[in-house]
Amino acid sequence: MSDLAAYAAHSEKTRGRRHFEPVPSGRSDFERDRDRIIHSTAFRRLEYKTQVFVNHEGDLFRTRLTHSLEVAQIGRTIARNLQLNEVLVEAIALAHDLGHTPFGHAGQDELNACMKDHGGFEHNLQSLRVVDLLEERYADFDGLNLCFETREGILKHCSVPNASALGEVGERFLQNRRPSLEAQVANLADEIAYNNHDVDDGLRSGLITLEQLSGVSLFSRHLAMAREHHPQLEGRRLIHETVRRMINTLVLDLVAQSASNIQAAMPGSLDDVRKTDPLIAFSPPVAAEQRALKHFLRQHLYRHYLVERMSLKTRRIVRELFVAFFEQPSLLAPQYQIKAKEDKARTIADYIAGMTDRYAYREYRRLFSIEEM
Ligand code: MG
């Protein structure tokens, strides 16, 4: 791939895989990583996992699968404009949420609380655990045996004790080094994707309104633009015309600011990138607007009383499943009972984290409902 910049991650210069495998034919190492992620079980489960809304609440809301596809699309556009490795960004984007529990943040917080005395639960770390250990597809190794650069990108953040236990991929958290620009792009593409689709889903659900959003400049100035171009437009189409303009502004701003950061820092290689401050960034005014939108969503959507009510229920499902299995591992399917002999709490956390929303709900009824035998 000769159109890649010197500061990009070049797949032929990968630090390699934990278990040696020859370079694939017909595709690059990063392409193989992306393909393995798409074929994984955890990837398919993303279809029935949610972020803000629970899966059965409606067919039109984003799931973690469609979210991951949006992150990949946004990330690839940014990467192409900065002469970065599109395939690596795509692989990281498609894998970044693989470790998420059912029921979005409520599920993750509750599982973390359940695991308080057993090493905790971080969804980021869990995504790495899925690709390093939990997928069972290959004869020669556990996990997907991905390249270092893909794993580094998946591990967005991580606590110091966890970083020390992770070896090579955790080192940057101890040495205060940055990941590749591709990882930085995937991270910000994630933000662009969820801020925008949460506005869209939030409006669709009726939990937030156009009136409330009129105080958020990133939204209101793009709404004004859409209205100027299409004075008659209203309803869903007006919202879509607004959201697509917001995404476009954020992507173009990120590309322009990052290009100028790169030009100023002049990294000559991926190793230079690792030693430099983060280079992928929004311009200060757009960063401020983006933060204001995030703040708005936290106040008005993620803490909406109807979301809080659903969170209460879903947290209870996670907690009660965990407690039941922990107190009585014989309730687990045989393959988990074997693993639980080594590390009971972690095995149960892995099992629960792997559940989709509807599977967790079904499992809960199977265990606790007398109507369900
Ligand atoms: Mg995400």
Side-chain angles (χ1 to χ4, degrees), residues 1-2 4-44 68 72 75 79 84-99 122 124-156 158 162-175 177-186 267-275 335 338-339 342-343 346-347 350 354:
M1 277 204 255
S2 54
L4 286 190
Y7 49 76
H10 294 248
S11 89
E12 58 290 356
K13 292 184 198 155
T14 174
R15 281 206 210 167
R17 303 173 188 276
R18 296 206 295 171
H19 306 275
F20 173 79
E21 291 183 76
V23 178
S25 53
R27 53 182 176 165
S28 70
D29 268 309
F30 294 157
E31 285 174 305
R32 171 150 71 186
D33 281 9
R34 176 204 52 203
D35 300 348
R36 284 184 175 179
I37 291 159
I38 290 175
H39 288 272
S40 70
T41 307
F43 185 70
R44 283 192 299 284
S68 301
L84 294 172
N85 197 315
E86 255 185 87
V87 175
L88 179 58
V89 172
E90 186 183 16
I92 296 169
L94 295 178
H96 86 285
D97 269 355
L98 291 179
E122 294 174 26
N124 240 273
L125 203 58
Q126 190 70 9
S127 297
L128 188 68
R129 202 171 150 75
V130 167
V131 301
D132 278 357
L133 285 171
L134 298 180
E135 282 288 322
E136 296 175 330
R137 313 186 69 79
Y138 299 93
D140 296 330
F141 45 79
D142 287 335
L144 304 179
N145 196 31
L146 303 180
C147 293
F148 175 84
E149 294 75 8
T150 311
R151 298 172 61 233
E152 168 195 58
I154 292 171
L155 193 64
K156 199 160 58 176
C158 165
N162 283 329
S164 340
L166 284 172
E168 203 188 16
V169 80
E171 275 169 16
R172 75 180 163 91
F173 298 96
L174 309 172
Q175 299 166 346
R177 294 279 162 99
R178 256 54 55 193
S180 68
L181 295 178
E182 285 79 359
Q184 297 178 36
V185 166
S269 67
L270 176 49
D271 274 337
D272 288 351
V273 166
R274 292 196 166 105
K275 292 177 210 147
Q335 71 270 29
I338 295 166
K339 288 189 180 174
E342 279 168 46
D343 188 341
R346 189 58 58 189
T347 301
D350 286 340

For the pair [X] (side chain) and [Y] (backbone), establish whether a donor and an acceptor sit closer than 3.5 Å, ignoring hydrogens and angles.
X: T150; Y: L146; value: no
X: E90; Y: V87; value: no
X: N124; Y: C158; value: no
X: Q126; Y: D350; value: no
X: R44; Y: H39; value: yes
X: S180; Y: A9; value: no
X: N85; Y: H10; value: no

Point-to-point distance, once rounded to the nearest 0.5 Å, from [atom1] of [X] to [atom2] of [Y]:
X: L4; Y: S11; atom1: CG; atom2: OG; answer: 8.5 Å
X: E86; Y: L88; atom1: CD; atom2: CG; answer: 11.0 Å
X: R177; Y: E171; atom1: CZ; atom2: CD; answer: 9.5 Å
X: R17; Y: F141; atom1: CZ; atom2: CZ; answer: 8.0 Å
X: E135; Y: F43; atom1: CD; atom2: CZ; answer: 11.5 Å
X: I37; Y: L98; atom1: CD1; atom2: CG; answer: 7.0 Å

Closest approach of [X] and [Y], non-hydrogen atoms and distance?
X: Y138; Y: G143; value: CD1-O, 3.4 Å
X: G99; Y: S127; value: N-OG, 2.9 Å
X: A72; Y: L94; value: CB-CD2, 3.9 Å

Looking at side-chain heavy atoms only, is the closest gap between [X] and [Y] below 4.5 Å?
X: S164; Y: L174; result: yes
X: D29; Y: P24; result: yes
X: N145; Y: R18; result: yes
X: H96; Y: S68; result: yes
X: K13; Y: L270; result: no
X: L144; Y: V130; result: no
X: P179; Y: Q184; result: yes
X: L166; Y: F173; result: no

Please report the C-alpha distance between Y7 and S269 in whole Å, then the side-chain angles of each, then the deciding distance to 0.1 Å, and finally whether the side-chain contact (heavy atoms from CB on, under 4.5 Å) criterion is met. CA-CA 4 Å; Y7 49 76; S269 67; over 6 Å; no

Counting only heavy atoms from other residues, nucleotides and ligands, does the tally under 6.0 Å from CD of E342 exceed 12? no

Between R36 and D33, is the closest basic N to carboxylate O distance under 4.0 Å?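 No salt bridge links D33 with R36.
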
Using a strict 4.0 Å threshold on nitrogen-to-oxygen distance, state whether D271 and R274 make a salt bridge.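 Yes, charged N to carboxylate O under 4.0 Å.
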
R129 vs D132, salt bridge (Lys or Arg N to Asp or Glu O under 4.0 Å): CA-CA, chis, key distance, verdict: CA-CA 5 Å; R129 202 171 150 75; D132 278 357; over 6 Å; no

Applying salt bridge (Lys or Arg N to Asp or Glu O under 4.0 Å) to E136 and K339, what does each step give before you reach the verdict? CA-CA 14 Å; E136 296 175 330; K339 288 189 180 174; 3.4 Å; yes

Report the C-alpha separation of R178 and R172 in whole Å, then their side-chain angles, then the decisive distance to 0.1 Å, and conclude whether the side-chain contact (heavy atoms from CB on, under 4.5 Å) test is met. CA-CA 7 Å; R178 256 54 55 193; R172 75 180 163 91; over 6 Å; no

Can you check side-chain contact (heavy atoms from CB on, under 4.5 Å) on R32 and E21, steps first, answer last? CA-CA 11 Å; R32 171 150 71 186; E21 291 183 76; 3.8 Å; yes

Distance-only donor-acceptor check, side chains E149 and T14, under 3.5 Å: yes

